[in-house]
Student: 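Can you read through this structure? Questions will come right after.
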There are 2 protein chains.
Amino acid sequence: MSKPAKPFVPVAVLEAVADYFKILSETSRLQILQSLRSGSMNVMELCEATGLGQANLSKHLKVMTQAGILTRQARGTSAYYNIADPLVFEFCELACGQIGDRLQQQAKTFLQAAPFPPNDRTANKTTQSQKTTSQKTPSQKTREKAPAPTSHIRN
Amino acid sequence: MSKPAKPFVPVAVLEAVADYFKILSETSRLQILQSLRSGSMNVMELCEATGLGQANLSKHLKVMTQAGILTRQARGTSAYYNIADPLVFEFCELACGQIGDRLQQQAKTFLQAAPFPPNDRTANKTTQSQKTTSQKTPSQKTREKAPAPTSHIRN
DNA sequence: CGATTAAATAACTATATAGTAGTTTAGTTT
DNA sequence: AAACTAAACTACTATATAGTTATTTAATCG
């Protein structure tokens with residue numbers, strides 16, 4: 001393999017970006033962020049909210065604080081953590097939207113490929129869940145309201 | 001540790017979001033995305049552009065394709081890959097901006113904590129890099145134009 | 001100062017995965 | 001059909017790190 005062509009952006013920058021996303025690529029950390037969304041919490045409170053162990057929490061909190069995503073404030077024997085980088089919620093919201101869109105597309109693909117005609121399947125489902133005698137209109141409404149994953153920024 | 005409080009968002013959703021960020025949390029993958037930004041490329045071309053090995057590339061490309069971020073099109077013996085999810089560039093741009101802001105803040109912290117007065121240090125640096133006789137105006141300009149990492153979406 | 005509690009840290013294990021070398025598969029040409 | 005090349009896949013290693021147990025540190029109170 002020859003040397004890479006001149007990169008558009010220094011690899012060091014890409015590394016920093018990758019590091020940023022790495023921090024967000026853990027469910028536990030997203031749970032922490034979700035819990036802190038509504039306001040400052042200490043470690044014990046975060047333990048209860050997330051179900052994570054204290055030592056594990058401390059570890060994650062340290063990483064996130066050093067990365068500048070959280071701030072820490074010691075008060076007595078407690079340490080309170082707060083969101084320092086609200087951009088993370090925007091990231092999660094965008095990602096949720098994208099994943100939802102993709103699931104919708106996949107659902108559509110499966111419905112079209114199903115051995116039953118889409119209308120038969122959809123109507124069957126709609127009739128059960130909505131208990132309406134109308135088969136055409138509800139089936140269209142159900143399609144439009146296909147559930148995208150709700151963003152975790154909403155309490 | 002007691003059971004977690006009712007989460008705001010199902011853990012399954014957070015897991016999907018974490019998976020999405022995990023894909024972006026690798027420098028190699030960001031290099032691939034950067035290369036594909038300007039248009040479709042086959043694997044050999046991506047090898048040259050990124051300096052990554054062919055087998056490694058294939059692996060990453062498969063993951064990203066299955067995740068819906070890339071599309072693959074076989075043409076003859078070649079496989080061409082294309083960006084399917086342009087949102088990734090928005091993510092990277094936002095992350096770059098955030099990292100840049102943070103670096104600026106850190107720089108400011110260091111400059112204020114330095115044993116030398118900030119103006120003396122900045123003026124010294126500016127004189128060397130810009131070779132102007134003016135010491136006040138350039139120093140302020142340099143401050144305002146402190147380099148944020150450029151986003152990799154710009155060619 | 002000793003006791004208590006919250007939080008951080010150290011040491012360890014299990015798991016995931018990037019990267020590599022080797023091999024197989026797929027498509028094309030002669 | 002054989003030869004060639006691009007790309008995918010397999011098997012392996014090295015590395016990073018989440019999660020856990022145990023311990024230490026920090027703050028407070030009696």
Side-chain angles (χ1 to χ4, degrees), chain A residues 1-4 11 14-36 40-67 69-82, chain B residues 1-4 11 14-36 40-67 69-82:
Chain A
M1 243 359 91
S2 65
K3 285 229 172 175
V11 173
L14 298 184
E15 279 166 1
V17 172
D19 286 344
Y20 188 88
F21 289 131
K22 178 151 289 204
I23 288 174
L24 299 180
S25 66
E26 275 298 329
T27 310
S28 304
R29 291 187 186 151
L30 295 179
Q31 280 178 304
I32 292 165
L33 290 172
Q34 180 180 217
S35 300
L36 290 174
S40 183
M41 286 170 90
N42 66 31
V43 181
M44 298 309 295
E45 288 165 343
L46 282 168
C47 279
E48 297 200 4
T50 60
L52 301 169
Q54 177 267 318
N56 189 22
L57 253 182
S58 271
K59 243 170 109 172
H60 283 303
L61 291 168
K62 178 173 182 175
V63 168
M64 292 162 91
T65 302
Q66 285 179 340
I69 292 183
L70 301 183
T71 54
R72 178 184 180 273
Q73 206 164 19
R75 262 183 256 148
T77 60
S78 288
Y80 284 84
Y81 288 85
N82 218 41
Chain B
M1 246 357 93
S2 65
K3 286 231 174 172
V11 171
L14 297 184
E15 279 165 359
V17 173
D19 286 344
Y20 188 87
F21 289 132
K22 179 151 289 211
I23 288 175
L24 299 179
S25 66
E26 275 296 330
T27 310
S28 304
R29 291 188 187 150
L30 295 179
Q31 280 179 303
I32 292 166
L33 291 172
Q34 180 181 213
S35 300
L36 290 174
S40 183
M41 285 171 90
N42 68 28
V43 181
M44 298 309 295
E45 287 167 345
L46 282 167
C47 280
E48 296 200 3
T50 60
L52 301 170
Q54 178 267 319
N56 190 23
L57 252 182
S58 270
K59 244 171 105 173
H60 283 303
L61 290 169
K62 178 173 182 175
V63 169
M64 292 161 94
T65 302
Q66 286 181 337
I69 293 182
L70 300 183
T71 55
R72 178 183 180 275
Q73 206 163 20
R75 260 182 257 150
T77 61
S78 288
Y80 284 83
Y81 287 86
N82 218 40

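Just so it is clear: chains get the letters A, B, ... in the order the sequence lines come, proteins before strands, and each one is counted from 1. What's counted below: heavy atoms across the whole structure, side chains too, no hydrogens, waters or symmetry copies.
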Student: Roughly, in whole Å, what's the span from CE in A/M64 to C1' in D/dT17?
Tutor: 15 Å
Student: Find the distance B/Y80:OH to D/dA6:P and express it as a whole number of Å.
Tutor: 11 Å
Student: How long is the line joining CD of A/E48 and P of C/dA6, in whole Å?
Tutor: 10 Å
Student: Select from B/K22 and B/R75 the residue whose nearest nucleotide in DNA chain C is closer to the 5' end of that strand.
Tutor: B/K22
Student: How long is the gap from CG on B/L57 to OH on B/Y81, to the nearest 0.5 Å?
Tutor: 9.0 Å
Student: Write down the distance between CG (B/D19) and P (D/dA18), rounded to a whole number of angstrom.
Tutor: 14 Å
Student: From the set C/dT20, D/dG19, D/dA7, return the single nucleotide nearest to any side-chain atom of A/N56.
Tutor: D/dG19
Student: What's the CD-C1' distance between A/E45 and C/dA6, to the nearest Å?
Tutor: 12 Å
Student: Look at B/R29 and C/dA18 and indicate whether a side-chain polar atom (N or O) is within less than 4.0 Å of OP1 or OP2.
Tutor: yes
Student: Starting at the 5' end of DNA chain D and moving along, which residue's nearest nucleotide shows up first, A/A74 or A/A55?
Tutor: A/A55
Student: From the options C/dG22, D/dA7, D/dA18, select the nucleotide whose nearest atom is closest to the side chain of A/S28.
Tutor: D/dA18
Student: Return the CG to CZ distance between B/L61 and B/R72, rounded to the nearest 0.5 Å.
Tutor: 9.5 Å
Student: Can you measure from CG (A/L33) to OG1 (A/T50) and round to the nearest 0.5 angstrom?
Tutor: 11.5 Å
Student: Please evaluate residues A/V63 and A/R29 with respect to the criterion side chain to side chain contact (heavy atoms under 4.5 Å, CB included), reporting the C-alpha separation (whole Å), side-chain torsions for both, the decisive distance (0.1 Å), and the verdict.
Tutor: CA-CA 10 Å; A/V63 168; A/R29 291 187 186 151; 3.9 Å; yes
Student: If each of A/A79 and A/K59 is mapped to the nucleotide of DNA chain C with the nearest heavy atom, which maps nearer the 5' terminus, i.e. the 5' end?
Tutor: A/A79
Student: Measure NZ/B/K62 against P/C/dT17 and give the value in whole Å, please.
Tutor: 14 Å
Student: With hydrogens left out and only the distance checked, is there a donor-acceptor pair under 3.5 Å joining B/Q54's side chain and the base of D/dA8?
Tutor: yes
Student: To the side chain of A/T77, which of C/dA18, D/dT20, C/dT5 is closest?
Tutor: C/dT5
Student: With sequence neighbours excluded, what pairs up with B/K59 under the salt bridge (charged side-chain N to carboxylate O under 4.0 Å, His left out) test?
Tutor: none
Student: Any idea which of D/dA18, C/dG27, D/dT28 is nearest the A/H60 side chain?
Tutor: D/dA18
Student: Rounded to the nearest angstrom, tell me the gap between atom CG in A/L61 and atom P in C/dA6.
Tutor: 16 Å
Student: Pick base, sugar-phosphate or nothing for A/Y81, based on heavy-atom distances below 4.0 Å to the nucleic acid.
Tutor: sugar-phosphate
Student: For B/S78, report the nucleic acid contact type (base, sugar-phosphate, nothing); a contact means any heavy atom under 4.0 Å.
Tutor: sugar-phosphate
Student: Over how many whole Å does the gap from B/L52 atom CG to D/dA6 atom C1' extend?
Tutor: 17 Å
